[in-house]
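This report refers to the structure that appears directly beneath it.
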Amino acid sequence: MAIEIERKYLLEAYPEDLISEGTIVVEKEEFIEQTYLALDGDQELRVRKITDLKTGQLEFTHTFKKGWGIAREEVEYAISEGLYDQVVKAHGAIPLTKKRVTARWGSTIIEIDDYAQISLLVLEVEFPSMEAADGFVPPAWFGQDISTDKQYSNKKVWRDLQLQAGREA
């Protein structure tokens, strides 16, 4: 099983100025619909519908993750649109939706998630090793490091959406 190593930061504002001046170079913009099929302790099973906002191309994924914090086990693979539609319809949950901007900041790839249903901006950086993650010094504009703060996890945000809609998660 692959290990995903990432740090997450709570952005106070979308970095428009850094994009317009070229400090951040946008490479891709996507709209993501994310539905959790099973949650158990530190394990999660989810599906995603990912729309490329430039081309309209659709991608569907199925992901298993295990663990909390900076390093987690992850298995992700592509699924068909039909399978995605079938499991989302059978589950009947409200998907978590967000716009994701993938960009380059110097030699670092960053992902900025702007959540549609709540006021939340999160910046993520993935790393090849724990040493690289531990040695990373973010600039002040990244904001607070929320890598180990469970209240900002996607599954917690998704679960809260279900509860607000009167559904069990």
Side-chain angles (χ1 to χ4, degrees), residues 2-36 39 42 44 46-61 63-76 94-164 169:
I3 301 292
E4 174 189 56
I5 302 168
E6 68 182 6
R7 295 192 80 87
K8 293 182 179 188
Y9 302 90
L10 187 60
L11 278 176
E12 291 182 16
Y14 191 79
E16 284 290 344
D17 293 347
L18 297 173
I19 292 170
S20 62
E21 71 186 26
T23 301
I24 295 175
V25 178
V26 173
E27 295 187 344
K28 183 172 29 171
E29 294 180 283
E30 301 167 312
F31 185 74
I32 299 172
E33 297 176 43
Q34 182 167 305
T35 301
Y36 289 86
L39 298 171
D42 69 345
E44 62 189 63
R46 71 163 193 236
V47 291
R48 279 183 170 171
K49 175 181 178 181
I50 305 166
T51 305
D52 185 305
L53 293 176
K54 184 176 183 182
T55 67
Q57 182 177 344
L58 296 176
E59 177 184 352
F60 302 89
T61 62
T63 306
F64 169 77
K65 289 190 178 194
K66 182 178 182 183
W68 292 104
I70 295 170
R72 300 188 299 163
E73 296 176 52
E74 178 183 66
V75 175
E76 183 171 79
I94 299 166
L96 176 64
T97 58
K98 57 189 173 182
K99 178 182 176 185
R100 172 169 286 172
V101 173
T102 303
R104 264 185 304 104
W105 169 65
S107 62
T108 303
I109 299 296
I110 61 173
E111 293 177 335
I112 299 170
D113 286 345
D114 185 355
Y115 291 79
Q117 295 120 318
I118 60 172
S119 179
L120 181 63
L121 271 173
V122 174
L123 184 145
E124 298 180 2
V125 181
E126 288 198 22
F127 298 94
S129 67
M130 279 302 295
E131 294 78 21
D134 289 340
F136 182 71
V137 179
W141 65 267
F142 273 30
Q144 175 187 345
D145 186 335
I146 57 170
S147 303
T148 58
D149 191 337
K150 292 180 183 178
Q151 80 170 347
Y152 295 106
S153 73
N154 281 316
K155 65 183 171 186
K156 163 95 168 61
V157 173
W158 178 84
R159 183 178 272 148
D160 289 349
L161 285 174
Q162 305 316 300
L163 294 174
Q164 288 171 9

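The two atoms that bring Phe127 and Arg7 nearest to each other are CE1-CG, 3.6 Å, heavy atoms only. In terms of heavy atoms, Ala133 sits closest to Ile5 at CB-CG2, 3.8 Å. Between Ala132 and Ser129, the closest heavy-atom pair is N-OG, 3.0 Å. Shortest non-hydrogen contact noted between Ala103 and Val26 is CB-CA, 3.8 Å.
For Lys156 and Trp68, the positive end is not near the middle of the six-membered ring at less than 6.0 Å and at most 45° from its axis.
Residues Ile94 and Gln164 fail the side-chain proximity criterion, which asks for heavy atoms closer than 4.5 Å. Between Ile112 and Pro15, the closest side-chain pair of non-hydrogen atoms falls below 4.5 Å. Residues Thr23 and Trp105 meet the side-chain proximity criterion, which asks for heavy atoms closer than 4.5 Å. Looking at Thr97 and Phe31, their side chains come closer than 4.5 Å, going by heavy atoms from C-beta outward. Glu6 is not listed as a side-chain neighbour of Val125, based on a closest heavy-atom distance of 4.5 Å or more. In this structure, the side chains of Leu120 and Leu10 come closer than 4.5 Å at one or more pairs of heavy atoms. The shortest distance between side-chain heavy atoms of Trp141 and Leu123 falls below 4.5 Å. Looking only at side-chain heavy atoms (C-beta outward), Trp158 and Gln34 stay at 4.5 Å or farther from each other.
To the nearest 0.5 Å, atom CG of residue Leu58 and atom CD of residue Glu30 are 11.0 Å apart. In this structure, Ile70 CD1 and Ile3 CD1 are separated by 13.5 Å, a value rounded to the nearest 0.5 Å. Atom NZ of Lys65 is separated from atom CG of Leu39 by 12.5 Å, given to the nearest 0.5 angstrom. Remark: Lys155 NZ to Leu96 CG distance equals 13.5 Å, nearest 0.5 Å. One distance of note links CG of Leu161 with CD1 of Ile118; it measures 6.5 Å at 0.5 Å rounding. In this structure, CD1 on Ile19 lies 5.0 Å from CD1 on Ile24, to the nearest 0.5 angstrom.
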*Given Lys98 and Val122, is the side chain to side chain contact (heavy atoms under 4.5 Å, CB included) satisfied, shown in steps?*
CA-CA 10 Å; Lys98 57 189 173 182; Val122 174; over 6 Å; no

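Between Glu76 and Arg46, at least one side-chain N (NZ, or NE/NH1/NH2) sits under 4.0 Å from a carboxylate O, which counts as a salt bridge. Taking the charged nitrogens against the carboxylate oxygens, Arg72 and Glu44 do have a contact shorter than 4.0 Å, which makes a salt bridge. Ion pairing between a basic and an acidic side chain is recognised when a charged N comes within 4.0 Å of a carboxylate O; Asp113 and Arg100 show such pairing. For Glu29 and Lys99, the salt-bridge test passes: some basic side-chain N is under 4.0 Å from an acidic carboxylate O.
There is no side-chain donor-acceptor pair under 3.5 Å between Gln117 and Tyr115. A donor-acceptor contact closer than 3.5 angstrom is absent between the side chains of Glu74 and Thr63.
Ring geometry for Phe142 versus Phe136: interplanar angle of 30 to 60°, hence tilted.
Side chain of Thr51 to main chain of Gly56: no donor-acceptor pair is present (N/O by atom type, distance under 3.5 Å, no hydrogens or angles).
Remark: Gln57 CD is loosely packed, at most 12 non-hydrogen atoms of other residues, nucleotides or ligands lying under 6.0 Å away. Residue Glu126 places its CD atom among more than 12 non-hydrogen atoms of other residues, nucleotides or ligands, all under 6.0 Å distant.
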